[in-house]
Amino acid sequence: MDLKICHLYPDVLNLYGDRGNILCMRRRLEWRGVGCEITELPLGAADPLTDYDLFFIGGGQDFEQTVLLADLNAGRSDNIRAAAEDGKTFLCICGGYQLLGTGYRTADGQMCEYIGVLDLYTEGSADRLIGNYAFRLGEESGGGIVVGFENHGGRTHLGSGLTPLGTVLKGYGNNGSDGTEGVRYKNVFGTYSHGPALPKNPHFCDHILTTALERKYGRAELAPLNDNAEKTAHRYMCQRLHLN
Amino acid sequence: MKTIRVFIACLACRLSRFLIRLAGRGGTAMPGKVALRLYPGLLAELGKNVQTVIVTGTNGKTTTSGMLRHMLDAAGAEYFSNRSGANLVSGITAEFAANADLLGRPRAKLAVIECDEGHFPAAVKALQPKVILVTNLFRDQLDRYGEVTHTRDCLARGIAEAKNAVLCLNADCSLTASLGMEVPNPVIYYGVDGVSSDHEANVSDAPHCLRCGERYAYARRTYAHLGDWYCPRCGLRRPTPALAAKTVEASSSGSRVLLARGEKETGLTVALPALYNVYNALAALAAADGMGWDFDSCAVSLAGFNAAFGRMETMKVGGTDTRVVLVKNPAGCDRALEYLASLTEDVMPVFCLNDNVNDGTDISWVWDADYESLFAQKSYERIGVFGTRAEDMRLRLKYAGADDGAVESYPTLDALAEAVKSAGKPVVVLPNYTAMLAVRDKLSTIAGKGRFWE
């Protein structure tokens, strides 16, 4: 068994320790003897995206996201849409999550069109939603609590046909008002849990890996690992947030 | 009327500082807050007749300020400085008030001021410095300032408040160098010419041209995004430094540098290890030049500068040789990890991670730092972790390839101190900011060193 992972735009979407997620997925596959090949696709790299099982898109700086849109509009967004509709697994964080939507309206009213793979849009605001937070994953995403850190000016609203990734337990999530966090569409996982979202949430990481393996091999079961360090870090943050 | 307000504000400031010190605490910002509440224009008033050099930037502020103080000490000059590291407007105001009499007249007329990037515009506006030094710009405390280009824009706003100030800028940092373009100020650029590394950081903090958005190319890299950068599309490029390190010979105790200043070349000894301290030395010399101090004697004096507080500082803790290396962002952390990897002796590393407000409450950056390189080269019998986010630190090390069974998590400062004392080998502590304050305070008490505001 092996997974081909594509890290999209590591040169522009790489804020806040996003690469921790790639590292986490790689190690957790390696530790189980599952092969893992990681391809970094920077801006301008020609690639139809048909050869990968799992895509990772991280967050970025405002300035760099404008650089990015030109590249997306040059055909890349069609490839992303095709892969998502084909049931390929995506983990998209913060800016990468917003980009999947139809657009972003800045605080001063300017409209910026995104790739529209998913029916969601984001509104900018001057005051950022920042802090440690937690949400409960929906059953279709494996359930359980995810702890993380969010830092976003954008408020994301899901179209009526979309399921959120989870429900907010502490913090803000998608928009700070409707209690939703992230999005789950087919095998696309979008979240505001930025940076190293996966290491402290091994159940979530394994669920994403299993999703990609099942899509590829029909069924997959990942052997359990010694997750003491992971669980201790997870428990510590749950306590800090006064959960359970 | 103004005199009375200055009088009351200065009095309140000094009184509260006296009371805090009497209580044995190091509150360095509070007295300034009190004074500014009483008279918001106080800093501008107190700064009027003082010639100031302001040092800002992500990394190296404290070490570079320490070097500038060391130069002034060597020359016997009278000056004052916010040496405690209280570098917000409140802390800076407290320092100026302490230097003034109750009518606001300064005693020393020369100041070396380290300033936080976010407070830079206000400090510059009030102080109208003679020299502004920007060391570099890296990702740091992102949850506080948003993003690194925002920090750059914040510094640009500050520079616009002082059109006569001499700018001393790191030519090798594209973000910092851009601050000297299209401004009326005189600029002294400094940079490293004689070092070339093929090591690229995990994540570049400045990959794209600020002017046209193209990806920068490098004729030569030093570390992180620093080097001889240029934009292949629009032609924006690293300015030629007026002050350059032509060659650098590094050892575990420091560097020998061949320094070029225009046509003239001289030798320079930097008594602190690692290339980033060569950058700090160049920065300090550029600022000294901008201030009009005697360049040659400043350069000579650097050989005698050991370490600023918690920055490569050494102490003997109950028989254990201990070095404290502050790390607070990926770029600085990578330098510290390179240093750790370069040590030939067997050591015990202790990684400390807090997430207090002064650290930045987001600790995600530890995943950008290159711990993998360290553990690809080294394995340790014992590894310590400590801090409010010790368990996150432990997880980071595990995924970097450290043996999780070798990791000890210290629940208290006392437990950490005991482990250091009984290590039986040298200890290198790598704490972030507030962890450094706490750990250093604890260890230096055992070692018999001064407290941080002294």
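Note on naming: letters A, B, ... go to the chains in the order of the sequence lines (proteins, then strands), and numbering restarts at 1 for each one. This is a predicted model, so every value here is computed, not measured.
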>> Show the nearest heavy-atom pair for residues A/D18 and B/D368, with the distance to one decimal.
In response: N-OD1, 4.2 Å
> When rounded to the nearest 0.5 angstrom, what is the spacing between NE2 in A/H194 and CG in B/D362?
Replying inline: 3.5 Å
> Is the number of heavy atoms from other residues, nucleotides or ligands under 6.0 Å of B/E381 CD greater than 12?
Replying inline: no
>> What part of A/N21 gets within 4.5 angstrom of chain B, counting heavy atoms only: side chain, backbone, both, or neither?
In response: neither
> Just how far is it from atom CD of B/E391 to atom CZ of A/R235, taken to the nearest 0.5 Å?
Replying inline: 9.0 Å
>> Given 3.5 Å as the limit, does a donor-acceptor pair link the side chain of A/Y236 with the main chain of B/T388, or not?
In response: yes
> Of all heavy-atom pairs between B/Y399 and A/R28, which one has the smallest distance, and what is that distance?
Replying inline: OH-NH1, 3.0 Å
> Should we count OH of A/Y172 as having more than 12 external heavy atoms under 6.0 Å?
Replying inline: no
>> One thing to verify: whether A/E230 and B/K398 come together as a salt bridge, which I'm taking to mean a side-chain N less than 4.0 angstrom from a carboxylate O.
In response: yes
>> Would you compute the distance between atom CG of B/D404 and atom CG of A/N228 and round it to the nearest 0.5 angstrom?
In response: 8.0 Å
>> Could you measure the distance from the CZ atom of A/F149 to the OG1 atom of B/T361? Nearest 0.5 Å is fine.
In response: 3.5 Å
>> So, taking the atom named CH2 in B/W367 and the one named CG in A/L198, what distance separates them when rounded to the nearest 0.5 Å?
In response: 9.5 Å
> Considering residues, nucleotides and ligands other than A/R105, do more than 12 of their heavy atoms fall under 6.0 Å from its CZ?
Replying inline: no
> Considering only heavy atoms from C-beta outward, does the side chain of B/R215 approach that of A/L43 to under 4.5 Å?
Replying inline: no
> Measuring heavy-atom distances to chain B, does A/R240 have an atom under 4.5 Å in its side chain, in its backbone, in both, or in neither?
Replying inline: side chain
> Taking all non-hydrogen atoms of both residues, which atom of B/L395 and which atom of A/A233 are closest, and how far apart?
Replying inline: CD2-CB, 4.0 Å
> Does the distance from a Lys or Arg side-chain N to an Asp or Glu carboxylate O, for B/D370 and A/R19, drop under 4.0 Å?
Replying inline: no
> A/R26, A/M237, A/K200, A/H234: which one forms the most heavy-atom pairs within less than 4.5 Å of chain B?
Replying inline: A/K200
> At a heavy-atom separation under 4.5 Å, does B/S409 approach chain A through its side chain, its backbone, both, or neither?
Replying inline: neither
> Would one find more than 12 heavy atoms of other residues, nucleotides or ligands at under 6.0 Å from atom CD of A/E30?
Replying inline: yes
>> Between B/A400 and chain A, with a heavy-atom cut-off of 4.5 Å, which part of the residue counts as in contact: side chain, backbone, both or neither?
In response: backbone
> What residue, out of A/P196, A/A197, A/A229, A/G195, has the most heavy-atom pairs lying under 4.5 Å from chain B?
Replying inline: A/P196
>> Distance check, rounded to the nearest 0.5 Å: A/D11 atom CG versus B/H208 atom NE2?
In response: 5.0 Å
